[in-house]
Amino acid sequence: MRLSRYFMPTLKETPSEAQIVSHRLMLRAGMVRQATAGIYSWLPLGFKVLKKIEQIVREEQDRAGAHELLMPTIQPADLWRESGRYDDYGKEMLRITDRHDRDMLFGPTNEELITDIFRFYVKSYKDVPQLLYHIQWKFRDEVRPRFGVMRGREFLMKDAYSFDIDYAASKHSYNKMFLAYLRTFERMGLKAIPMRADTGPIGGDLSHEFIILAETGESQVFCDKQWMEIDLAGDNVDYDSDLDPRVTELTNIYAATDEMHDPAACPVGEADLITARGIEVGHIFNFGTKYSAAMKAEVQTPDSSQVPVMMGSYGIGVSRLVGGIIEASHDDAGIVWPDQVAPFGAAVINLRQGDDKTDAACEDAYAKLKAAGVDPLYDDRNERAGGKFADMDLIGLPWQLIIGPRGVANGVVELKRRATGERQELSLDAALQQIIG
RNA sequence: CGGAGCGUAGCGCAGCCUGGUAGCGCAUCUGCUUUGGGAGCAGAGGGCCGCAAGUUCGAAUCUUGCCGCUCCGACCA
């Protein structure tokens with residue numbers, strides 16, 4: 001992409017409404033624009049990151065054997081009356097009336113809809129397990145939306161739902177999601193720690209929150225310092241194998257949210273206990289028959305009896321992750337995107353737009369990066385070097401290929417790694433080699 | 001939902017106390033000079049001073065109501 005033709009309205013100054021660093025940087029980098037409290041438009045740069053995160057989530061869900069579908073944002077109230085949540089959900093649910101005076105709502109989550117889909121089609125134990133997910137906008141009319149996309153009212157969430165014949169099978173589905181989540185967050189360059197969590201209004205007895213540690217996190221969390229050293233990268237899961245040993249191994253390392261942490265009963269000594277702030281980026285629940293019983297989602301067993309299916313639900317805050325990743329990865333100059341979610345793979349910075357030789361060298365580099373599939377952003381604006389450096393540091397692409405007349409005369413370019421600030425002067429080919437890896 | 005604060009140009013702000021026809025920096029546009037870490041000079045455009053009512057000869061400024069946004073706390077992907 002040529003920056004001169006792109007829509008990337010960066011700001012030099014921070015709008016006053018933004019308090020936390022991710023919100024400030026997202027506004028300054030021109031990633032989002034607030035429409036009203038807790039509701040955002042995603043501008044091209046932000047949208048690209050959102051889509052990258054979404055894609056990683058999708059790939060890992062698919063790998064775990066979940067099937068993607070898409071449910072609507074607007075739902076009929078009747079389904080929620082069946083489950084009993086129409087009244088329970090309270091003011092957080094945005095209620096709408098259509099022209100025929102029918103009660104509708106903007107979905108805050110999708111247990112009811114998915115259960116309705118499941119029960120309509122699935123009647124036999126032979127047709128479970130099922131693991132279905134979608135990535136769709138949700139609306140929760142938060143009392144106090146804040147922190148930009150970290151706590152918006154409208155947000156993009158991946159929510160998966162499992163349907164199993166008995167507890168053992170549903171635990172296996174739970175384990176799949178547990179390990180899939182670790183892989184998912186690891187791929188985004190995040191350390192997300194699964195913590196024992198309260199099941200809250202969704203119900204059930206087995207639940208973990210996946211939390212990334214950040215100073216601006218909303219909740220207090222506690223974990224064994226082992227979590228800091230543990231490497232989850234190597235987890236190449238065979239989802240059809242028995243997952244319990246690995247999950248047990250991990251859940252035995254202490255980690256709990258504030259509500260679940262009892263200092264008196266904590267097995268970890270004070271010296272080994274990390275107390276920190278955390279951001280919840282995922283939450284998984286095994287809640288048994290709460291919805292299937294209420295909504296009669298039953299299957300027939302081999303002995304011809306009818307049993308409600310055991311269910312679980314599994315959420316990842318996709319839009320929240322955009323902010324979460326920035327919270328976890330930034331410096332004074334701006335965002336430092338992990339390679340996997342960066343909106344562009346590399347920047348080409350032309351230090352002297354209009355200088356024939358420099359322009360030619362930049363075009364050459366740009367074409368080669370494009371051909372290599374790097375998806376480069378070429379800063380071909382007629383701006384001064386300082387402004388270009390500042391903007392590129394702000395938007396935090398992993399690599400900056402800096403090309404100016406001085407280097408061109410010597411046959412070298414400068415390659416800067418955003419994360420470390422390390423710079424090298426080398427030939428274009430050598431630089432391309434490093435970027436392409 | 002309890003407590004607090006703020007609405008003046010795209011962004012950051014001053015002016016308000018003590019009423020007199022709206023200002024600064026950045027950004028934008030034009031021209032010239034510049035060009036390796038947010039340039040200089042000269043000129044220009046851009047405002048129902050959140051909305052409404054009131055007080056007053058006169059309201060950004062005082063009063064009241066409303067709306068919006070933000071922050072702290074209790075609750076949530």
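Proteins come first, then strands; the chains are lettered A, B, ... in the order of their sequence lines, and each starts at number 1.
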Just the rounded figure in Å: distance from [atom2] of [N] to [atom1] of [X].
X        : N     : atom1 : atom2 : answer
A:Leu11  : B:G12 : CG    : P     : 8 Å
A:Phe287 : B:A77 : CZ    : P     : 13 Å
A:Gln400 : B:G36 : CD    : C1'   : 13 Å
A:Leu321 : B:A77 : CG    : P     : 14 Å
A:Ile211 : B:A77 : CD1   : C1'   : 11 Å
A:Asn382 : B:G31 : CG    : P     : 12 Å
A:His134 : B:A77 : NE2   : C1'   : 13 Å
A:Ile279 : B:C76 : CD1   : C1'   : 14 Å

N/O (side chain, A:Lys91) to phosphate O (OP1/OP2, B:C1) under 4.0 Å: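 For A:Lys91, the contact criterion (side-chain N or O under 4.0 Å from OP1 or OP2 of B:C1) is met.
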Side-chain N or O of A:Arg384 less than 4.0 angstrom from OP1 or OP2 on B:G38?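 A:Arg384 to B:G38 OP1/OP2: no side-chain N or O under 4.0 Å.
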Does a side chain donor of either A:His330 or A:Ser22 reach within less than 3.5 Å of an acceptor in the other side chain?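 No, no side-chain donor-acceptor contact under 3.5 Å.
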Can you confirm whether the side chains of A:Tyr174 and A:Ser162 place a donor and an acceptor under 3.5 Å from each other?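 Side-chain D/A pair, A:Tyr174 to A:Ser162: absent.
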Roughly how far apart, to the nearest Å, are [N] and [M] at atom [atom1]?
N     : M     : atom1 : result
B:C16 : B:U35 : C1'   : 44 Å
B:U18 : B:G46 : C1'   : 31 Å
B:A42 : B:C24 : P     : 14 Å
B:A44 : B:C62 : P     : 33 Å
B:G15 : B:G23 : C1'   : 7 Å
B:G54 : B:U70 : C1'   : 29 Å
B:A60 : B:A9  : C1'   : 14 Å
B:G50 : B:G68 : C1'   : 7 Å

Identity of whatever pairs with [N] - Watson-Crick or G-U, under 3.5 angstrom:
N     : result
B:C75 : none
B:G23 : B:C13
B:A44 : B:U28
B:U70 : B:A4
B:U34 : none
B:U63 : B:A53

Starting at the 5' end of RNA chain B, which residue's closest nucleotide do you reach first, A:Glu154 or A:Val408?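 Counting from the 5' end, the first nearest nucleotide belongs to A:Val408.
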Take A:Arg33 and A:Ile402, find for each the nucleotide of RNA chain B with the closest heavy atom, and name the residue whose nucleotide sits nearer the 5' end.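 Whichever sits nearer the 5' end wins; that is A:Arg33.
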To the nearest 0.5 Å, tell me how far [X] [atom1] sits from [Y] [atom2].
X        : Y        : atom1 : atom2 : result
A:Asp164 : A:Ser292 : CG    : OG    : 11.0 Å
A:Lys191 : A:Ile211 : NZ    : CD1   : 15.0 Å
A:Asp391 : A:Leu11  : CG    : CG    : 10.0 Å

Side chain of A:Lys12, heavy atoms from C-beta onward: which of B:C76, B:G36, B:G38 has the nearest atom to it?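 For the A:Lys12 side chain, the nearest candidate turns out to be B:G38.
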Checking contacts here: which listed nucleotide (B:C26, B:A77, B:G38) is nearest the side-chain heavy atoms of A:Arg28?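 Among B:C26, B:A77, B:G38, the one nearest the side chain of A:Arg28 is B:G38.
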Test of understanding: with ring-ring contact (aromatic ring centres under 6.0 Å, His included), list the residues that count as partners of A:Tyr161, not counting sequence neighbours.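 With sequence neighbours excluded, A:Tyr161 shows a ring-ring contact (aromatic ring centres under 6.0 Å, His included) to no residue whatsoever.
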Qualifying residues under ring-ring contact (aromatic ring centres under 6.0 Å, His included), relative to A:Phe178, sequence neighbours excluded: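 So A:Phe178 forms a ring-ring contact (aromatic ring centres under 6.0 Å, His included) with A:His208, A:Phe210.
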Could you check whether [X] gets within reach of a base, just the sugar-phosphate, or nothing at all, counting any heavy atom under 4.0 Å?
X        : answer
A:Asp391 : base
A:Val281 : sugar-phosphate
A:Asp393 : base
A:Gly387 : base
A:Gly407 : base

Can you name the one residue among A:Phe155, A:Tyr89, A:Phe106 that meets ring-ring contact (aromatic ring centres under 6.0 Å, His included) with A:Phe139?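 Among A:Phe155, A:Tyr89, A:Phe106, the one that satisfies the ring-ring contact (aromatic ring centres under 6.0 Å, His included) with A:Phe139 is A:Phe106.
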Would you mind building the protein contact string for nucleotides 67-75 of chain B? One character per nucleotide, 5' to 3', B for base within reach (heavy atoms under 4.0 Å), S for sugar-phosphate only, - for untouched. --SSBBBBB
Is it the case that the base of B:G38 and the side chain of A:Glu383 share a donor-acceptor contact (distance under 3.5 Å, atom types as modelled)?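 No pair found.
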Aromatic contact, A:Phe147 with A:His23 (centres under 6.0 Å):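 No, they do not, as the ring centres are separated by 6.0 Å or more.
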According to the 5.5 Å centroid and 30° plane-angle thresholds, does A:Phe155 stack upon the nucleobase of B:A77?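 Check passed, A:Phe155 stacks on base of B:A77.
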State plainly whether the residues A:Arg95 and A:Asp103 are in salt-bridge range, i.e. N to O under 4.0 Å.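 Salt bridge: no.
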